[in-house]
Amino acid sequence: MAAELESPFDDSGYRSLAVAVGADDRPVAARLNSRNGALSVITCADADCTTPRVTTARDGRDTEPSYESRMRGGVSMAMRADGRPVIVHRDMRDGSVSLLDCRDRDCARIDPVAPAGLSRGALPTVVTDAAGRTLVAYQDLAAHRIMLAACSDGRCESAAVGRIRYGPGAGLAMTLDGQGRPVIAWTDDNGLRYGSEWALKVTTVLNARILTGPRPEPPAR
């Protein structure tokens, strides 16, 4: 057991735990408290995590949230090459989403960034690329688009990389392929509990304008 937190796991279905591993094999975990919304970051002094440290990156509120508010919360995380985490945090109280750019490994100092268009869709997902930039995939519900933001130095540029036909589904995930291109998996769902029509989409971003400048490539399909 690396660390112990007074924070129960509930069955509300949101993503309350994320983990990433640095180039030195030391893990970092982020845990969202399902009762009060506090965000804890657990770091390890070595790969075996014999000496864990727990930091409160976001304070909680001593109130019992409703079931609906617990459904809004969520956390996802990626690691830079230098071992500093970047965390996507969705506040369980109001559904607001922010990108937490950690200045140090344990996120004791954070610069919050908010890419334009972040809203109450599926929890955004985050990766870091070879250039050290933070890539965030998210849903723009107003425009019915899947968006990709490239963030560095506290600023983000966003571009649409897919069209939502039916409605926001619960699934959204991203990784990089062998060429360093973002690959985004997402569900396009009409939201009906019974008899719903949905599709699993996988989008590879071929047009890398927001990443490397204009290129004469076709848009993602």
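For reference, positions follow the sequence shown, starting with 1. As the structure is a computational prediction, the values presented were derived from the model and not from experiment.
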_Residue of the set Thr43, Ile42, Val19 for which side-chain contact (heavy atoms from CB on, under 4.5 Å) holds with Val28_ = Thr43
*Which residues pass the salt bridge (Lys or Arg N to Asp or Glu O under 4.0 Å) test with Arg58, sequence neighbours left out?*
none
*Rounded to the nearest 0.5 Å, what's the gap from CG on Leu176 to CG on Leu135? Could you check?*
6.5 Å
*Could you give me the CA-CA distance, side-chain angles and deciding distance for Asp140 and Arg145, then say whether salt bridge (Lys or Arg N to Asp or Glu O under 4.0 Å) is met?*
CA-CA 5 Å; Asp140 187 332; Arg145 294 289 187 270; over 6 Å; no
*Which heavy atom in Met174 sits nearest to a heavy atom in Pro182, and how many Å separate them?*
SD-CB, 4.1 Å
*Are Arg165 and Asp188 within salt-bridge range, i.e. N to O under 4.0 Å?*
no
*Could you list the residues that satisfy side chain to side chain contact (heavy atoms under 4.5 Å, CB included) with Arg84, not counting sequence neighbours?*
Arg80, Asp82, Asp101
*Distance from Arg15 atom CZ to Leu123 atom CG, nearest 0.5 Å?*
5.0 Å
*Check Leu39 against Leu100 and note the closest heavy-atom contact, atom names and distance.*
CD2-CD1, 3.7 Å
*Would you mind checking if Asp24 and Arg105 are paired as a salt bridge, meaning a charged N to carboxylate O distance below 4.0 Å?*
yes
_Is it true that Tyr138 and Ser158 share a donor-acceptor pair across their side chains at a distance under 3.5 Å?_
yes
*Could you list the residues that satisfy side chain to side chain contact (heavy atoms under 4.5 Å, CB included) with Leu200, not counting sequence neighbours?*
Thr187, Trp198
_Test of understanding: with salt bridge (Lys or Arg N to Asp or Glu O under 4.0 Å), list the residues that count as partners of Arg109, not counting sequence neighbours._
Asp104
_side chain to side chain contact (heavy atoms under 4.5 Å, CB included) involving Ala45 - partner list, sequence neighbours excluded_ = Thr51
_Under-4.0 Å salt bridge between Arg26 and Asp46_ = no
*Provide the full list of salt bridge (charged side-chain N to carboxylate O under 4.0 Å, His left out) pairs with a residue in residues 167-177, sequence neighbours left out, each pair given once.*
Asp177-Arg181
_For a 4.5 angstrom cut-off between non-hydrogen side-chain atoms, does Ser76 reach Pro124?_
no
*Are Leu99 and Thr134 close enough that some pair of their side-chain heavy atoms sits under 4.5 Å apart?*
yes
*For Cys107 and Pro85, work out which heavy atoms get closest and say how close.*
SG-CG, 4.0 Å
